Amino acid sequence: MQNLDELYNLVKERQNNPKKGSYTDYLFSEGLDKILKKVGEESTEVIVAAKNPGKKRGDGELVYESADLLYHLCVLWAQQGVTFDQIKEELAKREGLMSQFKDRPEIKDL
Ligand SMILES: N=c1c2ncn([C@@H]3O[C@H](COP(=O)(O)OP(=O)(O)OP(=O)(O)O)[C@@H](O)[C@H]3O)c2ncn1[C@@H]1O[C@H](COP(=O)(O)O)[C@@H](O)[C@H]1O
């Protein structure tokens, strides 16, 4: 089983120590626009997979495309110098704060 920490660290390893034939290297060498294009593509593929599970994977389509999206997000974070710890810290800050609609500020107060 590979968790997101391990995947992010793998991507960072590729960024710091390029490996011939690596798809991750290909993305880093293509640069930000390519990485953003892939994040956009994979985001769309997640949406489509949820609406229309593919014939070849059925319900597994959403799992497959979600994994693609998370991988490409890890590449984007690394390329932008964002650490996965920063993402986790932000999520921790929100714990219990944003889940209750009644706690949300009134639109007029925003
Ligand atoms: N989790 C992933 C992962 N998910 C998706 N992908 C790649 O993302 C691409 C998505 O497929 P697409 O058809 O959308 O993209 P593509 O057609 O291959 O590329 P383009 O034509 O769009 O440029 C595929 O090439 C997949 O191989 C991944 N590539 C790598 N990883 C992980 O990263 C590690 C390092 O990979 P390398 O850097 O290639 O050694 C691997 O061991 C995995 O753990």
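This is a predicted model, so every value here is computed, not measured. Counting begins at 1 with the first residue of the sequence. Just so you know, these numbers use all the heavy atoms, side chains as well, and skip hydrogens, waters and symmetry mates. Counting convention: from 1, in listed order, for ligands and their atoms alike.
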Checklist entry - Can Tyr71 and Thr24 be counted as having a side-chain donor-acceptor contact under 3.5 angstrom? => result yes
Are Ile87 and Leu10 joined in one hydrophobic group, where the rule is that I, L, V, M, F, W and Y side chains link up if heavy atoms are under 4.5 Å apart?
no
Polar contacts were defined as any N/O atom of the residue lying under 3.5 Å from an N/O atom of the ligand; does this apply to Tyr26 and ligand 1?
yes
message = If hydrophobic clusters are built from ILVMFWY residues whose side chains come within less than 4.5 Å, do Leu7 and Tyr26 share one?
response = yes
Q. Given the protein's heavy atoms, is any one of them under 4.0 Å from atom 1 (N) of ligand 1?
A. yes
Counting from 1 in the order shown, the ligand 1 atoms closer than 4.0 Å to a non-hydrogen atom of Gln2 are 44 (O)
shortest atom 22 (O) of ligand 1-to-protein heavy-atom contact is with Lys38 NZ, 2.8 Å
Heteroatom distance test (Ser22, ligand 1): nitrogen or oxygen, under 3.5 angstrom
yes
Report task. For atom 43 (C) of ligand 1, state whether the nearest protein heavy atom is under 4.0 Å away. Result -> no
Assigning hydrophobic clusters by single linkage (Ile, Leu, Val, Met, Phe, Trp, Tyr; side-chain heavy-atom cutoff under 4.5 Å), is Ile47 placed with Leu73? no
request  = Determine if the distance from atom 28 (C) of ligand 1 to the closest protein heavy atom is below 4.0 Å.
outcome  = yes
Atom 36 (O) of ligand 1: closest protein heavy atom, distance to 0.1 Å, is Thr24 OG1, 3.6 Å
Considering both backbone and side-chain atoms of Glu42, is one of its nitrogen or oxygen atoms within less than 3.5 Å of a nitrogen or oxygen in ligand 1?
yes
protein heavy-atom neighbour closest to atom 33 (O) of ligand 1 works out as Tyr71 CE1, 3.6 Å
protein heavy-atom neighbour closest to atom 34 (C) of ligand 1 works out as Leu10 CD1, 3.9 Å
Is there a path from Val63 to Leu70 through hydrophobic residues (I, L, V, M, F, W, Y) whose side chains come within less than 4.5 Å of each other?
-> no
Check: Lys37 N/O within less than 3.5 Å of ligand 1 N/O: no
If we number the atoms of ligand 1 from 1 as shown, the ones under 4.0 Å from a heavy atom of Leu7 are 1 (N), 32 (C)
Contact with ligand 1 for Lys19, non-hydrogen, under 4.0 angstrom:
no
Considering only heavy atoms from C-beta outward, does the side chain of Trp77 approach that of Thr83 to under 4.5 Å? no
(message) With a 4.5 Å cut-off on side-chain heavy atoms, are Leu76 and Gln80 touching?
(response) yes
Note: Lys34, heavy atoms under 4.0 Å from ligand 1, region reported as side chain
The closest protein heavy-atom partner of atom 5 (C) of ligand 1 is Asp68 OD1, 2.9 Å
Smallest heavy-atom separation, Ala78 atom then Phe28 atom, equals CB-CZ, 3.8 Å
Self-check item: Verify same cluster id: Tyr64, Val75 (apolar side-chain graph, 4.5 Å)
Solution: no
Looking only at non-hydrogen atoms, the one of Tyr23, Tyr8, Tyr64 nearest atom 8 (O) of ligand 1 is Tyr23
Exercise. Could you tell me whether atom 38 (O) of ligand 1 has a protein heavy atom closer than 4.0 Å?
Key: yes
Student check: side-chain heavy atoms of Ile35 and Glu30 closer than 4.5 Å: no
Pair Lys93, Glu89 - check salt bridge (charged side-chain N to carboxylate O under 4.0 Å, His left out), show working.
CA-CA 6 Å; Lys93 272 191 236 167; Glu89 280 159 24; over 6 Å; no
At under 4.0 Å between heavy atoms, what of His72 touches ligand 1? The answer is side chain
Discussion item. Strictly less than 4.0 Å: does any protein heavy-atom distance to atom 14 (O) of ligand 1 fall in that range?
Written reply: yes
- Query: Side-chain contact, heavy-atom cut-off 4.5 Å: Val46 with Asp68?
  - Reply: no
